[in-house]
Number of protein chains: 2
Amino acid sequence: MPGLPKAPMTGQSRSRPVPEVPREGLKVRMEDVARAANVSRATVSRVLVGYPPVSPQTREQVFKAVRELGYVPNAMAQGLSKRKSDLVGLLLRDPRNPAYGQLHSLVQEAVSNHGLELITAVPHWQEGAEDELAALRRMLGLRVGGLLVSTGVIKAVDLEPFLDSVPVVSVGRVEEHPRIHGVSYDEDVHGATLANRVASAGHRSVAVLVPSARVSTAENRRGSSMAVHLEGRGITVHRIVSDAFGRPEAGIGRILELAREGAATAAMFPNDNRAMIFLRAAKAVGLDAPGDISVTGCDGIIPGLDLIGLTTLRIPVERVAQRGVEVLEGLMGARAGTEVRHEKFAGEFVPGTTLGPVA
Amino acid sequence: MPGLPKAPMTGQSRSRPVPEVPREGLKVRMEDVARAANVSRATVSRVLVGYPPVSPQTREQVFKAVRELGYVPNAMAQGLSKRKSDLVGLLLRDPRNPAYGQLHSLVQEAVSNHGLELITAVPHWQEGAEDELAALRRMLGLRVGGLLVSTGVIKAVDLEPFLDSVPVVSVGRVEEHPRIHGVSYDEDVHGATLANRVASAGHRSVAVLVPSARVSTAENRRGSSMAVHLEGRGITVHRIVSDAFGRPEAGIGRILELAREGAATAAMFPNDNRAMIFLRAAKAVGLDAPGDISVTGCDGIIPGLDLIGLTTLRIPVERVAQRGVEVLEGLMGARAGTEVRHEKFAGEFVPGTTLGPVA
DNA sequence: CTGAAAGCGCTTACAG
DNA sequence: CTGAAAGCGCTTACAG
């Protein structure tokens, strides 16, 4: 509206009542620093941002004031103003599971190396399905610059509405959505690798625990792959299907029976936890591994696994975490949408001692 | 300034150029919702906050608009405006360590149960000591409503300048600062408990690995306590002091020698990881536990520990995590400063099989 | 090289 | 019960 005279300001910085009490701790704001350094807020900001250049003189005064006042910039104000934050969100399945703990740790590291801040949340789905996605919404609320999803609780469809606003990379989980980048484990290869080892050991009748996809997509993939590859080599497979969410001991009893009847000489599990539960149960009923039955797991993350001797496969968490962050970072820096890719990494077989020749 | 006429506004909501392109995803703001619902921003805010009451009619319109537009409130703006955030910061030592992973998990849970948001950071101290405290500063920058500190990297003095601005509770670490609340493990009792078991098993000459306080205050406490209590019962103690940061295998060799010489019939370690390293090394040189030497650890967190059989003590992570969050929450709600307390919890002995009578 | 001002998206007295 | 306005603490064109 040209022609309309601007209203005169009553004082400097509007009519904000300037409190003369010196602020301290987290209460000191940029304005306090500016005053102490005898410059404007804009200048303080420039010094802190590092650009555009400020005269060395003023720079020093500002730094001095920052130091003396112990100024810590308010990241919320920064984010709001810049319309973006350095926050990267990680949606984790369960930090109690060492495989996820490891992932978290590595992601944490990779993210800080990129000068970003990681925030972690764990979506539950126990509680009233009402806000099953509360964790997701909270992260989006914070306007994270990127999102790393590693839990099956969050479905691809839940993310769809936001795919244009925030880059999403799913890590360590089976991802097939055409618009979500994925960096995960090659569960087919994992299953095949383990199956081939069991087959090579001479087993002709094997029990395989296969959780339903509803329980865990990854475990389902692994288990199915094991079964398929065993069958491909003409081996008799006893598929023990488990649809019991949160009950890793499901199906163990049945496998124990098969072992005792001699109907199976080996038992394959889709993760170490289940394998350990079986080992425990077997020991309890006097069955020896691999004496009476061979046992294999999958994950290979738990410290001390070598002392247990479990034959397993170590998933490549390091590579997945690192690559996941790398991809996300690329997306966060990218102007336009990049081509969506689904990358998979395979881990390495861990011999152990619970896989032996046919008893 | 009474008498000074207010400058007339040129349009609604200042002269903000109203973009007519419908925003989507995370781009939709409260104003868009307001327009869609035919109300003011203030009203939308009230509906969302839940207070003060808004007519049921309008409420519904607003909720409808929120739903249809997929509105996710910007938490940074909320925080800035409310001068506080729901964020709780957790400074973690190393998520790779199952004991910390467990703590993280439990804190995560407790925090969400309180309707708060957890953000986690891991301060390194490998890198140039320059921004050793970068993680702390980033959290303070986000103006977290409270801080949970569980790593020794952050010293009490580093926190001092902010103690007035943000409630701090240290969890699971030895804390003695008079102004910082502490909820931790009773390492003295832990050491005593284990020492008494070893003594009761009849050992008269025991090797104890004691890391220096610089390496780990907690482990130092445990180890010292073990040694002291053994000595109190007239037992000969071989203190193996380790000052090697990040090298948990330090001192193991020496203990192996003592075992072989028969100079020690039991070896006590300040955590399970070190005990497992010893177990591995012992096995490698043909020493059996407890046949040739008894072994105890401390932590009891690793899954599958029972399969290894390590005699240890399970630290009460659950109680510490829960109580830590509880205390923090109390502080966050409190108007004035509460009395500072240092609470300690002791765990439970885990018999295992690596502690036996004197060989 | 530096400052005054507008704007980021909310909340919350202040007035009806 | 509802709206207009100020303010939270920054950043960043816009003008010198």
Side-chain angles (χ1 to χ4, degrees), chain A residues 6-19 23 26-35 37-59 61-62 71-86 141-143, chain B residues 1 6-19 23 26-35 37-62 71-86 141-143:
Chain A
K6 292 188 177 174
M9 289 287 106
T10 35
Q12 61 166 23
S13 57
R14 304 194 203 160
S15 52
R16 194 182 272 168
V18 183
R23 294 167 162 246
L26 296 176
K27 294 278 188 288
V28 357
R29 33 196 207 336
M30 188 172 273
E31 178 151 350
D32 302 308
V33 175
R35 195 172 310 151
N38 265 302
V39 295
S40 70
R41 267 149 61 219
T43 298
V44 175
S45 178
R46 287 182 192 116
V47 170
L48 262 24
V49 171
Y51 190 88
V54 167
S55 89
Q57 295 257 357
T58 352
R59 261 175 68 83
Q61 294 173 59
V62 170
Y71 172 59
V72 180
N74 184 322
M76 300 205 279
Q78 291 182 141
L80 188 56
S81 184
K82 286 200 296 206
R83 269 167 283 303
K84 56 170 269 193
S85 76
D86 292 339
L142 283 167
R143 295 300 186 268
Chain B
M1 298 256 173
K6 294 190 180 176
M9 289 284 109
T10 36
Q12 63 167 18
S13 57
R14 303 193 204 164
S15 52
R16 194 181 271 168
V18 183
R23 294 167 163 247
L26 296 175
K27 295 278 187 287
V28 358
R29 30 196 209 339
M30 188 173 273
E31 179 154 348
D32 303 309
V33 175
R35 196 171 312 151
N38 266 303
V39 296
S40 69
R41 268 148 60 216
T43 299
V44 176
S45 178
R46 287 183 192 114
V47 170
L48 263 24
V49 170
Y51 190 87
V54 168
S55 89
Q57 294 258 357
T58 353
R59 261 175 68 83
E60 268 326 307
Q61 295 173 61
V62 170
Y71 173 59
V72 180
N74 184 322
M76 301 206 277
Q78 290 182 141
L80 188 56
S81 183
K82 285 199 296 205
R83 272 169 280 303
K84 57 170 269 197
S85 76
D86 293 338
L142 283 168
R143 295 300 186 270

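The analysis underlying the following values was restricted to heavy atoms, covering all of them including side chains, and did not include hydrogens, waters or symmetry mates.
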Exercise. What is the distance, rounded to the nearest whole Å, between atom CG of L26(A) and atom P of dC8(D)?
Worked result: 17 Å
Exercise. Considering only side-chain heavy atoms of V54(B), which listed nucleotide, dG9(C), dT11(C), dT2(D), is closest?
Worked result: dT2(D)
Seminar exercise, completed: Closest of dT2(D), dG9(C), dT2(C) to the S55(B) side chain is dT2(D)
For this session: Identify the residue among N38(A), T43(A), V47(A), V44(A) that makes a side-chain contact (heavy atoms from CB on, under 4.5 Å) with T58(A).
Result: T43(A)
Problem set entry | Phosphate OP1/OP2 of dG7(D): any S81(B) side-chain N/O under 4.0 Å | no
For this session: Name the residue closer to the 5' end of DNA chain D, choosing between P52(B) and L48(A) according to the nucleotide with the nearest heavy atom.
Result: P52(B)
Seminar exercise, completed: To the nearest angstrom, the NZ-P distance between K84(B) and dT11(C) comes to 12 Å
Seminar exercise, completed: Regarding the side chain of M30(B), the nearest nucleotide among dG9(C), dC10(C), dA6(C) is dC10(C)
For this session: In whole angstrom, give the distance that lies between atom CG of L142(B) and atom C1' of dC10(D).
Result: 14 Å
Exercise. Does P52(A) reach the side chain of R46(A), with side-chain heavy atoms less than 4.5 Å apart?
Worked result: yes
For this session: Measure from CD on Q78(B) to P on dG9(D) and round the result to the nearest Å.
Result: 17 Å
Problem set entry | Minimum heavy-atom distance V62(B)-V33(B), with the two atoms named | O-CG1, 4.2 Å
For this session: With rounding to the nearest 0.5 Å, note down the distance linking OG in S85(A) to CD in Q78(A).
Result: 10.5 Å
For this session: Please map the stems of DNA chain C, keeping only stretches of three or more Watson-Crick or G-U wobble pairs with both distances under 3.5 angstrom.
Result: C:1-3 with D:14-16, C:5-12 with D:5-12, C:14-16 with D:1-3
For this session: Please confirm whether the backbone N or O of L26(A) pairs with a side-chain atom of R143(B), one donor and one acceptor, at under 3.5 Å?
Result: yes
Exercise. OP1 or OP2 of dT12(C) sitting under 4.0 Å from any side-chain N/O of S45(B)?
Worked result: no
For this session: Between dT2(D) and dA6(D), how far apart are the P atoms? Round to whole Å, please.
Result: 23 Å
For this session: First locate atom OG of S81(B), then atom CG of L80(A), and finally report the distance between them rounded to the nearest 0.5 Å.
Result: 10.0 Å
For this session: Using whole Å, report how far CG of N74(A) lies from P of dC10(C).
Result: 16 Å
Exercise. At under 4.0 Å between heavy atoms, what does Y51(A) touch on the DNA or RNA strands: base, sugar-phosphate, or nothing?
Worked result: nothing
Exercise. Among dA6(C), dC10(C), dC1(D), which is the nearest nucleotide to the side chain of Y71(B)?
Worked result: dC10(C)
Exercise. Nearest heavy-atom pair of R23(B) and D32(B): which atoms, and what distance?
Worked result: CD-OD2, 3.2 Å
Exercise. Starting at CE of M76(B) and ending at C1' of dC10(C), how long is that distance when rounded to a whole Å?
Worked result: 11 Å
Exercise. Nearest nucleotide by nearest heavy atom, which residue falls closer to the 5' end of DNA chain C, S40(A) or V28(B)?
Worked result: S40(A)
Exercise. Just how far, in rounded Å, is C1' of dC10(D) from NZ of K27(A)?
Worked result: 17 Å
Exercise. Rounded to the nearest 0.5 Å, how far does OG of S40(B) lie from CD of E31(B)?
Worked result: 10.5 Å
Identify the pairs formed between an N or O of the protein and an N or O of nucleotides 13-16 of chain C at a distance under 3.5 Å, and give each distance.
| residue | atom | partner | partner atom | Å |
| --- | --- | --- | --- | --- |
| dA13(C) | N6 | R46(B) | NH2 | 3.0 |

Problem set entry | Residue pair A34(B) / R41(B): nearest heavy atoms and the distance that separates them | CB-N, 3.8 Å
Problem set entry | Distance test, side-chain N/O of T43(A) to OP1/OP2 of dG3(C), below 4.0 Å | yes
Problem set entry | Nearest to side-chain heavy atoms of R29(B), which nucleotide of dG9(C), dC1(D), dA6(D) | dG9(C)
For this session: Let me know the distance between CZ of R83(B) and C1' of dG9(C), rounded to the nearest Å.
Result: 14 Å
Exercise. Which nucleotide in the set dG9(C), dA6(D), dT12(C) lies at the smallest distance from any side-chain heavy atom of R41(B)?
Worked result: dA6(D)
Problem set entry | Non-hydrogen atoms of Y71(B) and L48(B) that approach each other most closely | CE2-CD2, 3.6 Å
